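A short worksheet on the structure shown next.
Keep in mind it's a predicted model, so treat the numbers as computed, not measured. Atoms considered below: every heavy atom in the structure, side chains included; atoms not considered: hydrogens, waters and symmetry mates. Residue numbers count from 1 along this sequence.
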Amino acid sequence: MTTRRASRRPSVADRSAPLGWRVFGMLRSGILSLAAVIGAVCIVAFVAALAFNVRPVAVISGSMEPQIPVGAMVFTRTVPAGDVSPGDIVTVQRPRNLGLVTHRLVSSVEREPGVYEFVLRGDANDTDDPQPYAVSTVGQYVLHVPLLGYLTIGLQSSSGLFIAGGIALVLVALFLLDPARLRGSAQTRETEEESA
């Protein structure tokens with residue numbers, strides 16, 4: 001009767017492990033932990049955005065500097081147009097669906113029940129926007145995160161998607177390539193070859 005002794009799974013922190021395996025294991029652990037924290041933050045942000053009706057908007061011009069820098073991510077909450085006052089920062093749809101604009105409200109006039117005409121101006125601009133905006137709801141400024149807009153704009157490009165896919169593949173590979181398991185299977189093969 002042959003018996004096999006249950007071998008202890010080697011640990012990467014094990015001092016008997018070669019330095020290369022230990023360094024790889026620590027780097028792997030750090031990278032996967034950082035990716036997990038970033039993933040958890042993204043999930044919390046997504047759930048909070050749904051729960052509080054918050055919408056992200058990337059800033060692509062300097063019209064609101066220095067208050068809101070280029071590349072920032074602005075978070076807005078959709079509210080009725082009558083709920084904002086002059087001086088508030090709002091996001092509205094440009095005429096002819098030319099995108100969104102985030103500027104400060106200069107004046108507001110109710111033209112018909114629930115529909116307001118807004119005059120807006122960017123903090124860095126000397127004049128009001130060329131034409132007023134007719135709105136019934138607006139995105140009311142909640143907060144902004146500098147530089148986060150650059151990331152979202154980058155991810156919308158084909159090269160950004162390619163880079164994100166590459167990072168995802170590297171993370172999957174790091175997850176699957178557990179150095180303790182790899183080292184343990186190599187030692188098991190060596191032991192089996194020696195006993196044969």
Side-chain angles (χ1 to χ4, degrees), residues 12 20-79 81 84 88-105 118 120-125 129-131 133 135-182:
V12 175
W21 283 112
R22 289 191 312 226
V23 169
F24 174 71
M26 288 185 285
L27 282 173
R28 174 186 175 269
S29 179
I31 291 170
L32 290 176
S33 295
L34 178 64
V37 168
I38 291 171
V41 167
C42 288
I43 290 169
V44 168
F46 178 76
V47 169
L50 288 177
F52 298 108
N53 194 24
V54 173
R55 178 179 170 184
V57 179
V59 176
I60 59 173
S61 78
S63 63
M64 283 300 291
E65 288 186 329
Q67 172 80 26
I68 303 172
V70 175
M73 178 68 71
V74 171
F75 294 91
T76 64
R77 184 173 44 93
T78 304
V79 298
V84 294
D88 289 347
I89 298 173
V90 296
T91 299
V92 298
Q93 182 71 40
R94 289 181 188 270
R96 298 179 307 282
N97 290 326
L98 295 175
L100 300 173
V101 61
T102 300
H103 281 170
R104 195 172 298 278
L105 178 61
F118 279 7
L120 304 179
R121 179 189 299 181
D123 289 356
N125 298 345
D129 292 357
Q131 43 185 169
Y133 304 90
V135 295
S136 56
T137 61
V138 297
Q140 185 177 33
Y141 173 86
V142 177
L143 64 96
H144 73 275
V145 179
L147 305 176
L148 186 58
Y150 285 130
L151 178 65
T152 59
I153 291 168
L155 287 174
Q156 292 174 7
S157 69
S158 57
S159 59
L161 288 174
F162 181 75
I163 291 169
I167 290 171
L169 286 174
V170 167
L171 290 174
V172 168
L174 283 174
F175 177 75
L176 295 175
L177 297 174
D178 181 2
R181 188 177 305 137
L182 292 173

### Message
Go through it in stages, so that I can follow the logic: the residues are V23 and L27, the test is side chain to side chain contact (heavy atoms under 4.5 Å, CB included), and I'd like the CA-CA distance, side-chain angles, deciding distance and then a yes or no.
### Response
CA-CA 6 Å; V23 169; L27 282 173; 4.1 Å; yes
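- The two atoms that bring F118 and V84 nearest to each other are CZ-CG2, 3.5 Å, heavy atoms only.
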### Task
Applying side chain to side chain contact (heavy atoms under 4.5 Å, CB included), run through L120 and L105 and close with a yes or a no.
CA-CA 5 Å; L120 304 179; L105 178 61; 3.8 Å; yes
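- Between M64 atom CE and T102 atom OG1 the span is 8.0 Å, to the nearest 0.5 Å.
- A distance-only check finds no donor-acceptor pair linking the side chain of Q140 to the backbone of T78 [under 3.5 Å].
- One finds the OH atom of Y141 at 11.5 Å from the CG atom of D88 (value rounded to the nearest 0.5 Å).
- To the nearest 0.5 Å, atoms CG (L148) and CE (M73) are separated by 4.5 Å.
- Closest approach of A58 and T152 over heavy atoms only: CB-OG1, 3.9 Å.
- Summarising the geometry, atom CD1 belonging to I163 is positioned 9.5 Å from atom OG belonging to S158; distances are rounded to the nearest 0.5 Å.
- Of the possible donor and acceptor atoms, one in the side chain of R28 sits under 3.5 Å from a partner among the backbone N and O of L174.
- In plain terms, the two heavy atoms of Q67 and I89 that are nearest each other are CG-CD1, 3.9 Å.
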### Task
Take L100 and R55 through the side chain to side chain contact (heavy atoms under 4.5 Å, CB included) test and state the conclusion after the steps.
CA-CA 12 Å; L100 300 173; R55 178 179 170 184; 3.4 Å; yes
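- The number of heavy-atom neighbours closer than 6.0 Å to CG of L171, taken from other residues, nucleotides and ligands shown, is above 12.
- Summarising the geometry of V59 relative to P69, their closest heavy-atom pair is CG1-O, 3.8 Å, with the distance given to 0.1 Å.
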#### Entry: Stepwise side chain to side chain contact (heavy atoms under 4.5 Å, CB included) check, Y133 with V101
CA-CA 10 Å; Y133 304 90; V101 61; 3.7 Å; yes
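- Interatomic distance, R121 CZ to R104 CZ, rounded to the nearest 0.5 Å: 11.0 Å.
- Here the shortest heavy-atom pairing between I68 and A72 reads CG2-CB, 4.0 Å.
- Between E65 and A124 the shortest heavy-atom distance is O-CB, 3.6 Å.
- Between the CG atom in L155 and the CZ atom in F162 there is a gap of 14.0 Å [rounded to 0.5 Å].
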